[in-house]
Amino acid sequence: MEEGDYCYTSKIEPKNITEALKDEFWVEAMQEELQHFERNNVWELVPRPEKANIIGTKWIYKNKTDEQGNITRNKARLVAQGYTQIEGTEFEETFAPVARIESIRLLIAISCILKIKLYQMDVKTAFLNGNLKEEIYVAQPKGFEDPHFP
(Lines give C-alpha, C1' and ligand atoms only; values in the text may rest on other atoms or scores of the structure.)
Protein backbone atom coordinates (compact mmCIF):
# COMPACT_ATOMS: atom_id res chain seq x y z
CA MET A 1 0.00 0.00 0.00
CA GLU A 2 1.28 3.44 -0.87
CA GLU A 3 1.81 6.07 1.82
CA GLY A 4 -0.82 8.27 0.17
CA ASP A 5 -3.52 5.60 0.60
CA TYR A 6 -3.51 6.04 4.38
CA CYS A 7 -5.11 9.47 4.06
CA TYR A 8 -8.33 7.85 2.77
CA THR A 9 -9.22 6.32 6.11
CA SER A 10 -10.52 7.64 9.38
CA LYS A 11 -8.11 7.40 12.33
CA ILE A 12 -10.87 7.06 14.94
CA GLU A 13 -13.31 4.23 15.63
CA PRO A 14 -16.75 5.71 16.25
CA LYS A 15 -18.62 4.53 19.33
CA ASN A 16 -22.07 4.89 17.76
CA ILE A 17 -23.95 5.61 14.54
CA THR A 18 -24.17 9.34 15.29
CA GLU A 19 -20.37 9.67 15.35
CA ALA A 20 -19.97 7.46 12.28
CA LEU A 21 -22.43 9.42 10.15
CA LYS A 22 -20.33 12.56 10.66
CA ASP A 23 -17.28 10.93 9.01
CA GLU A 24 -17.35 10.35 5.23
CA PHE A 25 -14.93 7.40 5.45
CA TRP A 26 -17.17 5.52 7.89
CA VAL A 27 -20.26 6.28 5.80
CA GLU A 28 -18.42 4.78 2.83
CA ALA A 29 -17.52 1.68 4.91
CA MET A 30 -21.16 1.24 5.94
CA GLN A 31 -22.34 1.63 2.34
CA GLU A 32 -19.81 -1.03 1.26
CA GLU A 33 -21.24 -3.44 3.84
CA LEU A 34 -24.80 -2.79 2.65
CA GLN A 35 -23.72 -3.33 -0.98
CA HIS A 36 -22.68 -6.89 -0.02
CA PHE A 37 -26.18 -7.45 1.34
CA GLU A 38 -27.74 -6.08 -1.84
CA ARG A 39 -25.44 -8.04 -4.17
CA ASN A 40 -26.26 -11.31 -2.38
CA ASN A 41 -30.02 -10.63 -2.17
CA VAL A 42 -29.86 -11.09 1.59
CA TRP A 43 -33.10 -9.31 2.33
CA GLU A 44 -36.03 -7.52 0.85
CA LEU A 45 -37.97 -4.63 2.32
CA VAL A 46 -41.49 -5.59 3.35
CA PRO A 47 -44.23 -3.90 5.38
CA ARG A 48 -43.77 -4.51 9.10
CA PRO A 49 -45.89 -7.55 10.15
CA GLU A 50 -48.11 -6.89 13.17
CA LYS A 51 -47.19 -9.84 15.40
CA ALA A 52 -43.67 -10.59 14.15
CA ASN A 53 -40.62 -10.26 16.35
CA ILE A 54 -38.37 -7.65 14.74
CA ILE A 55 -34.65 -8.11 15.38
CA GLY A 56 -32.73 -4.87 15.74
CA THR A 57 -29.40 -4.17 14.08
CA LYS A 58 -26.25 -2.45 15.22
CA TRP A 59 -23.15 -1.18 13.46
CA ILE A 60 -19.72 -2.35 14.65
CA TYR A 61 -16.70 -0.24 13.62
CA LYS A 62 -13.11 -1.43 13.42
CA ASN A 63 -9.94 0.07 11.97
CA LYS A 64 -7.90 -2.56 10.11
CA THR A 65 -4.12 -2.16 10.40
CA ASP A 66 -1.03 -3.45 8.61
CA GLU A 67 2.08 -5.03 10.16
CA GLN A 68 3.43 -1.60 11.19
CA GLY A 69 0.19 -0.61 12.92
CA ASN A 70 -0.86 1.86 10.21
CA ILE A 71 -4.60 2.04 9.60
CA THR A 72 -5.24 0.60 6.14
CA ARG A 73 -9.03 0.62 6.01
CA ASN A 74 -12.19 1.22 7.97
CA LYS A 75 -14.46 -1.80 8.34
CA ALA A 76 -18.12 -1.47 9.31
CA ARG A 77 -20.16 -4.59 10.07
CA LEU A 78 -23.91 -4.72 10.46
CA VAL A 79 -24.85 -7.23 13.15
CA ALA A 80 -28.14 -8.48 14.52
CA GLN A 81 -28.94 -7.48 18.08
CA GLY A 82 -29.64 -10.97 19.31
CA TYR A 83 -27.68 -10.34 22.47
CA THR A 84 -27.39 -8.23 25.57
CA GLN A 85 -24.06 -6.59 26.22
CA ILE A 86 -22.74 -4.56 29.10
CA GLU A 87 -20.09 -1.95 28.30
CA GLY A 88 -16.72 -3.10 29.57
CA THR A 89 -17.64 -6.81 29.33
CA GLU A 90 -16.75 -8.14 25.86
CA PHE A 91 -18.12 -4.89 24.46
CA GLU A 92 -15.19 -3.77 22.32
CA GLU A 93 -14.47 -7.13 20.63
CA THR A 94 -15.89 -8.85 17.57
CA PHE A 95 -14.78 -12.25 16.42
CA ALA A 96 -14.44 -13.74 12.95
CA PRO A 97 -12.89 -17.04 11.93
CA VAL A 98 -9.77 -16.19 9.93
CA ALA A 99 -7.02 -18.54 8.75
CA ARG A 100 -3.53 -17.71 9.98
CA ILE A 101 -0.97 -17.00 7.26
CA GLU A 102 1.19 -19.85 8.58
CA SER A 103 -1.67 -22.31 7.95
CA ILE A 104 -2.15 -21.03 4.42
CA ARG A 105 1.58 -21.33 3.67
CA LEU A 106 1.61 -24.90 5.00
CA LEU A 107 -1.41 -25.82 2.87
CA ILE A 108 0.24 -24.38 -0.25
CA ALA A 109 3.50 -26.22 0.47
CA ILE A 110 1.71 -29.55 0.96
CA SER A 111 -0.30 -29.06 -2.23
CA CYS A 112 2.93 -28.39 -4.16
CA ILE A 113 4.58 -31.54 -2.82
CA LEU A 114 1.53 -33.71 -3.52
CA LYS A 115 0.77 -31.90 -6.82
CA ILE A 116 -2.77 -31.10 -5.69
CA LYS A 117 -4.58 -28.29 -7.50
CA LEU A 118 -5.82 -25.60 -5.09
CA TYR A 119 -8.77 -23.31 -5.68
CA GLN A 120 -9.30 -20.04 -3.86
CA MET A 121 -12.60 -18.37 -3.08
CA ASP A 122 -13.54 -15.20 -1.29
CA VAL A 123 -15.35 -15.95 1.94
CA LYS A 124 -15.65 -12.29 2.89
CA THR A 125 -19.44 -12.57 2.85
CA ALA A 126 -19.86 -16.33 3.39
CA PHE A 127 -22.29 -15.76 6.26
CA LEU A 128 -24.68 -14.09 3.79
CA ASN A 129 -25.02 -17.27 1.72
CA GLY A 130 -26.78 -19.49 4.26
CA ASN A 131 -30.39 -20.52 3.64
CA LEU A 132 -32.92 -20.17 6.44
CA LYS A 133 -36.03 -22.32 6.83
CA GLU A 134 -37.97 -19.70 8.76
CA GLU A 135 -38.78 -16.08 8.05
CA ILE A 136 -36.82 -13.59 10.09
CA TYR A 137 -37.63 -9.91 10.25
CA VAL A 138 -34.78 -7.48 10.81
CA ALA A 139 -35.01 -3.73 11.33
CA GLN A 140 -33.33 -1.50 8.77
CA PRO A 141 -29.93 -0.22 9.89
CA LYS A 142 -30.00 3.12 11.67
CA GLY A 143 -28.94 5.95 9.41
CA PHE A 144 -29.82 3.98 6.27
CA GLU A 145 -33.62 3.62 6.49
CA ASP A 146 -35.43 3.63 3.15
CA PRO A 147 -37.91 6.56 3.19
CA HIS A 148 -40.24 4.68 0.79
CA PHE A 149 -40.36 1.62 3.10
CA PRO A 150 -40.23 2.92 6.68
Side-chain angles (χ1 to χ4, degrees), residues 1-2 4-108 118-150:
M1 178 174 269
E2 297 288 325
D5 292 340
Y6 295 124
C7 66
Y8 298 111
T9 58
S10 177
K11 304 297 181 222
I12 59 137
E13 286 181 0
K15 298 203 183 322
N16 55 47
I17 184 71
T18 308
E19 287 180 22
L21 288 173
K22 293 177 185 173
D23 188 324
E24 65 179 303
F25 300 115
W26 284 109
V27 171
E28 186 178 322
M30 291 185 286
Q31 288 172 337
E32 180 183 329
E33 174 79 348
L34 292 175
Q35 285 171 358
H36 290 300
F37 282 57
E38 188 175 317
R39 227 183 346 254
N40 289 315
N41 294 319
V42 171
W43 61 32
E44 62 181 272
L45 293 176
V46 297
R48 185 183 198 108
E50 277 187 38
K51 296 187 179 186
N53 181 28
I54 309 298
I55 299 170
T57 56
K58 177 182 177 177
W59 287 103
I60 304 291
Y61 309 101
K62 192 73 177 162
N63 284 329
K64 299 295 181 177
T65 57
D66 61 13
E67 299 82 27
Q68 289 82 35
N70 298 314
I71 297 171
T72 57
R73 66 182 295 222
N74 303 124
K75 183 68 182 164
R77 286 272 184 215
L78 184 65
V79 298
Q81 288 179 316
Y83 57 84
T84 303
Q85 285 182 322
I86 301 167
E87 189 162 2
T89 308
E90 298 180 349
F91 192 81
E92 300 294 324
E93 295 179 285
T94 58
F95 301 94
V98 177
R100 293 179 53 122
I101 191 67
E102 295 87 354
S103 301
I104 295 169
R105 287 180 181 152
L106 181 62
L107 178 65
I108 292 170
L118 283 182
Y119 294 94
Q120 181 266 334
M121 64 180 269
D122 182 13
V123 292
K124 184 175 180 180
T125 57
F127 69 97
L128 298 177
N129 295 317
N131 293 323
L132 299 174
K133 293 181 174 106
E134 59 279 330
E135 286 187 354
I136 296 178
Y137 296 94
V138 179
Q140 294 183 57
K142 292 182 173 107
F144 292 89
E145 293 90 351
D146 187 323
H148 299 94
F149 296 94

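Predicted model only: the values in this text are computed from it and were never measured.
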Under the 3.5 angstrom rule, does the side chain of Glu145 hit a backbone N or O of Gly143 as a donor-acceptor pair? yes
Can you name the residues that form a salt bridge (charged side-chain N to carboxylate O under 4.0 Å, His left out) with Glu102, not counting sequence neighbours? Arg100
Any side-chain heavy atom of Leu78 within less than 4.5 Å of one from Trp59? yes
Any chance you could measure Gln31, atom CD, to Glu38, atom CD, to the nearest 0.5 Å? 11.0 Å
Minimum heavy-atom distance Gly56-Ala139, with the two atoms named: CA-CB, 4.2 Å
Hey, does Pro141 have a side-chain heavy atom less than 4.5 Å from the side chain of Leu34? yes
Should Thr72 and Thr65 be marked as a side-chain contact (heavy atoms from CB on, under 4.5 Å) after you check the CA-CA gap, both sets of side-chain angles, and the distance that decides it? CA-CA 5 Å; Thr72 57; Thr65 57; 5.7 Å; no
Using 30° and 60° as the class limits, which term best fits the ring planes of Tyr61 and Trp26: parallel, tilted or perpendicular? perpendicular
Calculate, to the nearest 0.5 Å, the distance between atoms NZ and CD1 belonging to Lys64 and Ile71 respectively. 12.0 Å
Given side chains that start at C-beta, do those of Leu21 and Lys142 come closer than 4.5 Å, heavy atoms only? no
CD (Glu13) and CD (Glu19) are apart, to the nearest 0.5 Å, by 11.0 Å
Residue pair Val79 / Thr57, side-chain heavy-atom distance below 4.5 Å: no
Answer yes or no: is there a side-chain heavy-atom contact under 4.5 Å between Lys62 and Ile60? no
At what distance, to the nearest 0.5 angstrom, does CG of Asn63 lie from NZ of Lys75? 12.5 Å
Could you pull out all residues at least two apart from Arg48 that satisfy side chain to side chain donor-acceptor pair (under 3.5 Å)? none
Which atoms form the tightest heavy-atom contact between Ile54 and Pro49, and what is the distance? CD1-CD, 4.4 Å
Are Ile17 and Met30 packed together at the side-chain level, in the sense that at least one heavy-atom pair is separated by less than 4.5 angstrom? yes
Mind listing the closest non-hydrogen atom pair of Phe144 and Val27 along with its distance? CZ-O, 4.4 Å
